[in-house]
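Here is the structure we will look at, set down as structure tokens.
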Amino acid sequence: MSVILGISAFYHDSAAALLVNGKIVAAAQEERFTRKKQDAAYPRKAIDFVLEFSDISLNEVDAVVFYDKPFLKFERLLETYIAFAPKGFRSYLTSIPIWLKEKLFQKDMILKELRRHAGGFPDQEKLLFSEHHLSHAASAFYPSPYDEAVVLTMDGVGEWATCSVAIGRGKTLEIVKELHFPHSLGLLYSAMTYYLGFKVNSGEYKIMGLAPYGDPKYTELILSKLIDLKADGSFRLDMRYFNYATGFTMTNKKFSELFGHPVRESEDALDQFHMDMAASIQKVTEEIMLTITRSLATEHNIPNLCLAGGVALNCVANGEILKDGAFENIWIQPAAGDAGGSIGAAYAAWHIEFEQPRTTCPSDRMEGSYLGPEFTQTQIENALRSLGAVYDVIDSEDQINSITANALANGKAVGWFQGRMEFGPRSLGCRAILGDPRSAKMQKTLNLKVKYRESFRPFAPSVLQEDVADWFEIDVDSPYMLMVAGVSKRRRLEASPSAEKLFGIEKLNIQRSEIPAVTHVDYSARIHTVNSKTNEKYYNLLKAFKDLTDCPVLVNTSFNVRGEPIVCTPEDAFRCFMGTEIEMLVCGNTVLYKDKQNTSLAEDYKSKYELD
Amino acid sequence: MSLLNELWRYMKVRKKFWLLPIFAVMALFGGLVVMSQGSAVAPFIYTIF
């Protein structure tokens with residue numbers, strides 16, 4: 001037996017993944033255990049989980065692989081400071097002590113932490129380091145179903161690389177070109193996230209959700225002033241407009257002057273300008289990604305594309321790449337951000353360092369991304385009992401599905417907690433809040449009363465795989481909710497001429513399709529296809545809902561509130577259920593109704609978590 | 001010592017010997033900066049970690 005532990009940590013979204021004989025058996029993000037969103041600390045609990053789940057102790061592990069190389073990052077820092085000197089001296093004074101005190105000693109720190117686990121970690125030669133973008137590329141290619149693929153990774157920044165292209169063939173994976181810091185599509189998007197008053201590194205997906213409310217009228221300005229885009233998709237940013245290389249903010253005064261508005265304060269009102277800016281940066285992102293993928297398709301003549309890195313979570317751009325058709329097949333790592341680097345680091349060691357052969361399977365090797373903890377019925381009941389919950393135990397799965405489907409059809413918001421927790425940022429039907437997509441008020445209700453988040457944010461549909469083409473303009477599988485496509489034309493409702501004239505956030509009030517709760521203002525939807533092989537329970541629930549309503553679609557949003565990591569345990573699920581207006585909770589074979597619970601168990605959940 | 005050894009190996013692999021004087025100065029003066037600080041907690045800045 002050969003065991004490799006992959007770790008990503010110390011930046012954001014720490015995680016651990018365990019590979020046994022080349023198969024991913026468990027992976028989890030630290031935030032789910034510590035309940036601290038995007039926890040960057042050493043992933044002690046995640047490591048304990050993946051080891052315990054596999055019944056392996058740390059001293060049986062053949063290699064521990066860290067997902068990036070701290071010295072290379074330090075080199076980038078130093079060279080950046082030298083290049084921009086004397087600008088950036090304050091930033092230098094802030095960062096260098098941290099590096100000299102802690103970060104340069106990351107290897108020692110990791111070894112020390114590893115030795116504190118049960119079983120210890122005796123052999124320091126077993127600790128390996130993989131480059132950041134190689135980890136991303138490995139996470140995209142090795143679990144993919146392809147023997148050969150072009151692998152594109154794009155994020156904010158790793159060590160030096162911000163975008164890399166690799167070619168994967170069998171067990172080999174070779175990076176063939178890179179774009180280097182400070183020229184970064186991820187950082188450009190983050191700069192706009194900052195400018196529009198959202199939190200960098202977590203608010204990017206809000207920009208994507210906001211974009212359809214706006215008109216991309218600043219696209220040309222961005223392309224002409226901020227970025228020099230070449231025919232092959234490579235680009236350079238005009239750093240005179242940005243501050244992230246040497247300062248404490250993402251953009252500077254010149255950036256604000258260019259667009260004629262100051263940086264928006266967090267939680268200030270969003271107006272049409274902000275929506276237009278969001279639409280523009282989204283358009284620019286799509287244009288850059290399409291330019292790159294078209295050029296790569298021509299250059300390499302390989303029909304398969306794999307994507308990873310934070311930018312690959314831009315599912316609207318992914319949908320455009322799919323629609324563009326430059327590549328016949330696309331596979332995206334579901335944990336495309338840094339958490340997924342743990343899987344990639346482990347895979348890179350297995351296939352590149354240890355030269356182990358690779359076999360592919362027709363779907364992929366991510367096990368539906370259901371790689372986290374699961375709980376037995378006894379554990380669930382014990383947990384709920386100890387919390388004082390009132391619940392019914394229903395042994396028949398058909399009955400549970402029928403009760404749940406009926407509750408959903410009656411407009412109830414249902415917490416759905418089943419099986420193994422998902423790895424990555426998306427809920428894929430195991431830790432989910434579900435609703436009826438046919439309801440015109442469901443989006444507002446879920447946003448404001450359940451998730452406590454901004455009203456403009458869209459919700460994603462889960463749909464039976466076999467029905468996807470009937471309801472959406474897509475005929476390929478999207479099991480990880482990473483593709484956006486339009487709602488099928490025949491399911492759309494025609495908007496009245498007066499409704500068509502509405503602007504910005506007012507567009508929310510128009511019913512656009514038979515499934516308005518998951519139809520965004522531009523008729524798009526972030527699709528999650530469900531099949532019986534990877535998630536039978538959720539598939540059967542969708543079937544039951546379809547039998548009842550003729551609609552094979554459900555609203556699926558992650559089981560958490562704004563700023564909270566997705567729930568991990570039955571205890572987390574019950575607390576979230578009690579602290580929000582979720583009306584029913586299905587946890588394994590137990591069913592809980594809000595009106596039967598002791599109201600004194602509810603806590604103030606709305607202000608419990610720091611806003612993201 | 002292991003850090004110095006690692007740094008030396010890194011400079012050899014990356015052919016970055018020109019960074020050596022910078023490391024030396026940093027070790028001298030950076031040490032003072034570190035000593036004068038109570039804690040290494042700083043605001044989160046995207047690109048410097």
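Computation of the quantities below employed the complete heavy-atom set of this structure, encompassing side-chain atoms and omitting hydrogens, waters and symmetry-equivalent molecules. Computed from a predicted structure; not experimentally measured. Lettering follows sequence order; numbering is per chain, from 1.
- Contact detail for B/Tyr10 and A/Leu72: the closest heavy-atom pair is CE1-CD2, 4.0 Å.
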Could you pull out every donor-acceptor pair under 3.5 Å between side chains of residues 108-116 of chain A and any protein atom, sequence neighbours left out?
residue, atom, partner, partner atom, Å
A/Glu113, OE1, A/Arg44, NH2, 2.8
A/Glu113, OE1, A/Arg116, NH1, 3.1
A/Arg115, NE, A/Phe121, O, 3.3

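- You'll find the side chain of A/Phe71 stays beyond 4.5 Å of the side chain of B/Arg9, heavy atoms only.
- There is no contact between A/Lys69 and chain B, counting heavy-atom distances below 4.5 Å.
- The number of heavy-atom neighbours closer than 6.0 Å to NZ of A/Lys87, taken from other residues, nucleotides and ligands shown, is 12 or below.
- Applying the 6.0 Å contact sphere to CD of A/Glu265 captures no more than 12 heavy atoms from other residues, nucleotides or ligands.
- Within a 6.0 Å sphere centred on NZ of A/Lys36, other residues, nucleotides and ligands contribute 12 heavy atoms or fewer.
- In A/Arg90, the CZ atom is not crowded: 12 or fewer heavy atoms of neighbouring residues, nucleotides or ligands sit closer than 6.0 Å.
- Considering CD1 of B/Ile22 and CD of A/Glu75, their distance stands at 10.5 Å, rounded to 0.5 Å.
- Looking at A/Phe74, only its side chain comes within 4.5 Å of chain B, counting heavy atoms on both sides.
- The two atoms that bring B/Leu3 and A/Leu104 nearest to each other are CD1-O, 3.3 Å, heavy atoms only.
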